[in-house]
Amino acid sequence: MHKLISELTRLYLFEEQQHYVDAQGGAQPLMPAVLARHLSGEQTVGVELVTSSGLTRALVLEFGGKGGGEAHWSALCTIANAVQHELDLPAPAVSISGTAFQLWLSLATPVPVAQARQFVQLLRSTFLPASADILAAAPPDYVEQVALPPCLHSSGKWAAFIHPSMGAAFVDEPGLDMPPPPAGQLGFLESLRSINPAQFAQALAKLQGHAGLAVAVPAPVATALPVATSATAPGLLLQDATLEDIVRWLHARNIEPTLRHMLP
């Protein structure tokens, strides 16, 4: 569990100023013991991704709400592939929340939340065609408070990070019946890389230019963050991997795949 917490902190959290929302709606420090209980299903908490000073380093897009799960999954795939191919950014993580799909982008250096919101809004408006727009029925574009996977959702399903090529298996029910193995969750995160300041600035400028906006990218805020110690490797493309590719990728990370059902 300690290694999983370290990877989640490396990618999405702050060493300090991180809080969660308690049962009374108050903000409390997110201590390692609280996070460990959260990840083990003993106490699910909503983690605040924005600090009191208005900074964030985790961009989470949620695809869910009313409507078909296939449409939500297709929209996530479109955005995830655009992130890698059109904006030249590292592969994002994909998760199921128990009720929706989520896409996770990690920033190496925190940015003001207003800039993060603009980035997410431009990402969706640029790459999701209007005819396939599901935003009216979906949760807010930018998620600022989230139950960090893996965790037990109020529905009784487990939220978890998943291999992106297996998301189609969860279009009817984006959650797990049983807790995912911590080693498997760790394996999905270890190879992920954070977006560095130059990459973020270039991607935001490209999105702003596409939208016809004046390009003005504030400098990211220098903040001490966890140092990545794991080896990095590019992720598989969401819709290009074969089943053999997926199994080989999982075995390389000592993860034994378990399919919920046979697909026709």
Side-chain angles (χ1 to χ4, degrees), residues 11-12 48-95 97 100-146 164 167 192-223 225 234-240:
L11 291 168
Y12 308 117
E48 294 187 342
L49 300 179
V50 181
T51 68
S52 57
S53 55
L55 300 176
T56 187
R57 60 179 303 249
L59 308 185
V60 183
L61 289 78
E62 188 161 89
F63 301 80
K66 298 179 181 179
E70 291 185 6
H72 297 307
W73 176 246
S74 177
L76 181 147
C77 288
T78 298
I79 294 294
N81 281 308
V83 163
Q84 297 174 77
H85 296 297
E86 303 296 332
L87 301 179
D88 297 320
L89 297 177
V94 178
S95 72
S97 72
F101 294 105
Q102 294 174 331
L103 194 67
W104 297 71
L105 285 76
S106 167
L107 301 180
T109 303
V111 299
V113 66
Q115 191 178 5
R117 289 172 183 155
Q118 183 192 42
F119 184 89
V120 170
Q121 290 166 358
L122 289 174
L123 193 59
R124 297 189 85 155
S125 64
T126 300
F127 297 112
L128 287 183
S131 59
D133 189 8
I134 58 173
L135 302 187
D141 283 2
Y142 178 65
V143 180
E144 298 181 9
Q145 179 183 314
V146 67
L192 297 178
R193 293 178 289 126
S194 296
I195 300 169
N196 66 44
Q199 289 174 319
F200 182 76
Q202 183 177 28
L204 182 55
K206 185 178 293 187
L207 291 172
Q208 290 171 332
H210 189 280
L213 302 176
V215 177
V217 182
V221 180
T223 302
L225 295 173
L236 288 174
L237 300 184
L238 290 174
Q239 295 174 324
D240 296 342

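A quick note: this is a predicted structure, and the numbers were derived from the prediction, not measured.
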Any chance you could measure Thr78, atom OG1, to Leu128, atom CG, to the nearest 0.5 Å?
6.0 Å
Any chance you could measure Asn196, atom CG, to Leu89, atom CG, to the nearest 0.5 Å?
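Rounded to the nearest 0.5 Å, the CG-CG separation comes out at 9.0 Å.
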Shortest non-hydrogen separation from [X] to [Y] and the atoms involved:
X      : Y      : value
Arg124 : Glu62  : NH1-O, 3.5 Å
Leu204 : Gln118 : CD1-OE1, 3.9 Å
Ser194 : Pro90  : O-CG, 3.9 Å
Gln208 : Leu122 : CG-CD1, 3.8 Å

Intermediate values then yes/no, side-chain contact (heavy atoms from CB on, under 4.5 Å), Thr51 and Val113:
CA-CA 9 Å; Thr51 68; Val113 66; over 6 Å; no
My understanding is that only residues two or more places apart in sequence, or in another chain, count here; which of them pass salt bridge (charged side-chain N to carboxylate O under 4.0 Å, His left out) with Glu86?
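If we apply the salt bridge (charged side-chain N to carboxylate O under 4.0 Å, His left out) test to Glu86, skipping adjacent residues, there are no hits.
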N/O donor-acceptor pair under 3.5 Å between Arg57 side chain and Thr109 backbone
no
Spell out, as yes or no, whether a donor-acceptor pair under 3.5 Å connects the side chain of His72 to the backbone of Gly64.
yes
Just wondering, do [Y] and [X] contact through their side chains at under 4.5 Å, heavy atoms?
X      : Y      : answer
Leu61  : Leu105 : yes
Arg193 : Ser106 : no
Glu144 : Thr56  : no
Leu87  : Leu123 : yes

Can you list everything that forms a side-chain contact (heavy atoms from CB on, under 4.5 Å) with Ala93? Sequence neighbours excluded, please.
Tyr12, Trp104, Phe161, Leu192
Could you walk me through whether Val94 and Leu103 pass the side-chain contact (heavy atoms from CB on, under 4.5 Å) test, one step at a time?
CA-CA 5 Å; Val94 178; Leu103 194 67; 3.8 Å; yes
Are more than 12 heavy atoms, taken from residues, nucleotides or ligands other than Glu70, located less than 6.0 Å from that residue's CD atom?
no
Step-by-step side-chain contact (heavy atoms from CB on, under 4.5 Å) determination, Asp88 to Gln202:
CA-CA 9 Å; Asp88 297 320; Gln202 183 177 28; 5.7 Å; no
Can you name the ring-ring contact (aromatic ring centres under 6.0 Å, His included) partners of Phe119, sequence neighbours left out?
Phe200
